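Heads up: numbering here begins at 1 and tracks the sequence. Everything numeric here is computed off the predicted structure, so don't read it as measured data.
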Amino acid sequence: MKEGLEMIPLEQAVEILKGLVSPAEGEELVPLSQARGRILSRDMAAPLDNPPFDRSPLDGYALRGADLAGASRETPAVLSVVAEVCAGGWFGGTVKPGQAVRIMTGGAIPAGCDCVVRQEDTDYGEDTVHIYRAVEAGQNYCWAGEDIQKGSTLMKAGEKLTPVHIGVLAGQGFAQVPVRPRLRAAIISTGDEIVPVGTPLAPGKIYNSSLFTLRARLEELGAEVVLAESLGDDPALVARAVEDACAKAQVVITTGGVSVGKKDIIHEVLPLCGARRLFWRVEMKPGTPIICAERKGVPLCCLSGNPFAAIATFELIVRPMLARMAGDPDMAYRRTTGRMGEDFPKRSPGRRFIRAHYRDGIVTLGRQNHSSGALYSMVGCNCLVDIEPGNRGLKAGDRVRVVLL
């Protein structure tokens with residue numbers, strides 16, 4: 001059925017999809033080297049102090065501060081050097097009064113020492129050392145657990161692992177990290193006009209750019225694409241493909257066949273595969289004829305076959321749902337406001353989104369092809385300008401709503 005359904009606002013479409021899903025459960029262990037960008041599935045506690053021992057922050061001599069009382073260039077303190085400790089080394093004895101240990105940055109401070117004097121304040125002695133200034137107990141001294149104390153909570157479940165998180169975990173000796181499973185997504189492109197890249201382009205045919213655009217974007221957002229295929233305008237064939245995709249993925253995205261033309265087959269595909277339609281047509285341009293459905297709890301998002309319309313509806317409608325499913329707030333887009341750096345004179349009878357670039361509060365448009373079928377003008381864009389219905393054109397300096405991608 002292609003008639004009888006009213007268009008719904010964008011925000012309502014987003015809430016319908018978000019209400020259909022919940023944050024993914026489960027856990028998998030991944031190597032630390034592959035954990036960047038993943039979401040922790042449980043709290044992580046520190047198994048050891050960091051640093052794990054008292055250590056020196058500089059090259060010098062570890063000793064007792066009391067042995068340096070009154071030391072100066074005129075009256076240096078003279079101590080016996082009983083050992084040398086480099087980073088990774090260890091002195092197992094106890095340093096006594098009148099003794100010192102030559103120590104390098106990162107070296108473990110031996111028992112009996114309570115400070116470190118920098119080597120620039122000495123004569124660099126090896127058997128005995130002359131020290132030209134007094135140093136108090138605790139000076140130039142890094143304590144065990146100064147950065148992290150054993151048993152403390154390093155990170156909470158739900159945190160997204162950045163390079164700094166990875167470094168902290170490495171410093172605690174973790175080789176593997178418990179994370180939430182990646183969101184599994186499937187993509188199906190439809191259309192007799194589409195041919196695979198790398199094959200000759202016959203008259204009337206086009207290459208399948210949307211499949212690659214959406215796959216790359218899903219992977220960039222952290223999802224795992226478990227299926228990506230292109231099919232012709234055969235409703236029964238596409239219905240079987242959707243059924244297969246729903247068995248493998250947590251979300252299925254299709255492109256093409258959503259409007260009212262002879263080859264807009266998704267209206268036939270949904271009942272054939274047992275899917276329940278949630279809505280058809282959203283008050284926005286491009287991408288008005290988006291269809292969203294669910295099949296056995298799996299969201300089915302059917303986007304326009306036009307490249308920019310597909311990416312716009314993916315960003316604005318599908319992406320907030322994915323963020324909820326992944327439990328990753330960073331996956332959702334952000335909104336702000338800016339001022340137009342140039343004119344956009346075209347009228348917008350309905351709500352319209354145009355591609356643009358946002359920097360320091362200023363919005364520029366770059367290439368001026370805003371057709372829903374044009375993708376190249378999206379290159380270099382980092383936002384969409386949200387133009388309200390009835391706008392008679394934008395002028396430089398006008399304040400506008402911006403969706404940051």
Is [X] salt-bridged to [Y], going by a charged N under 4.0 Å from an acidic O?
X	Y	value
E28	R182	no
D328	R180	no
E229	R240	no
R184	E224	no

Neighbour count >12 (heavy atoms, 6.0 Å) for atom [atom1], [X]:
X	atom1	value
R392	CZ	no
Y376	OH	no
E136	CD	no
Q139	CD	yes

Whether the side chain of [X] engages the backbone of [Y] through a donor-acceptor N/O pair (distance < 3.5 Å, no angle test) should be reported.
X	Y	value
E268	I265	no
D49	K150	yes
R295	C273	yes
D386	V402	no
W143	G138	no
H165	R36	no
T213	S209	yes
E342	L365	yes
K205	D192	yes
N140	V117	no

Side-chain touch [X]/[Y], heavy atoms, less than 4.5 angstrom:
X	Y	value
R217	R319	yes
D121	V135	no
R401	E388	yes
D123	V129	yes
R64	C113	no

[atom1]-[atom2] distance between [X] and [Y], expressed to the nearest 0.5 angstrom:
X	Y	atom1	atom2	value
Y61	I103	OH	CD1	12.0 Å
N382	R359	CG	CZ	10.0 Å
R334	L404	CZ	CG	5.0 Å
R347	R352	CZ	CZ	13.0 Å
L79	T128	CG	OG1	9.0 Å
I317	C301	CD1	SG	8.5 Å

task = Kindly indicate, with the supporting measurements, whether the criterion salt bridge (Lys or Arg N to Asp or Glu O under 4.0 Å) is fulfilled by K395 and D398.
result = CA-CA 6 Å; K395 294 185 176 298; D398 284 353; over 6 Å; no

task = Go through Y141 and D54 one step at a time and tell me if the side chain to side chain donor-acceptor pair (under 3.5 Å) criterion holds.
result = CA-CA 7 Å; Y141 199 108; D54 297 349; 2.7 Å; yes

query = Regarding R355 and the six-membered ring of F308, is the cationic atom NZ or CZ under 6.0 Å from the ring centre and inside 45° of its axis?
reply = yes

query = side-chain contact (heavy atoms from CB on, under 4.5 Å) between T190 and V269: does it pass, once the steps are laid out?
reply = CA-CA 11 Å; T190 67; V269 168; over 6 Å; no

Exercise: identify the closest heavy-atom pair between [X] and [Y]:
X	Y	result
Q99	L63	O-CB, 3.9 Å
E193	G204	CB-O, 4.0 Å
I148	S152	CG2-OG, 3.7 Å
A157	R42	CB-CA, 3.5 Å
R102	V81	N-CG1, 4.1 Å
V403	F353	CG2-CE2, 4.3 Å

task = Please step through side-chain contact (heavy atoms from CB on, under 4.5 Å) for the pair Y333 and L384, ending with a clear verdict.
result = CA-CA 11 Å; Y333 56 75; L384 299 174; over 6 Å; no

Partner of K160 under side chain to side chain contact (heavy atoms under 4.5 Å, CB included), chosen from D330, L40, V179 = D330

Among L211, N208, L231, D233, the one residue meeting side chain to side chain contact (heavy atoms under 4.5 Å, CB included) with I194 = N208

message = Using side-chain contact (heavy atoms from CB on, under 4.5 Å), reason through T199 and Y207 one step at a time and then give a plain yes or no.
response = CA-CA 9 Å; T199 61; Y207 289 123; 4.2 Å; yes

request  = Go through V238 and V242 one step at a time and tell me if the side-chain contact (heavy atoms from CB on, under 4.5 Å) criterion holds.
outcome  = CA-CA 6 Å; V238 174; V242 168; 4.3 Å; yes

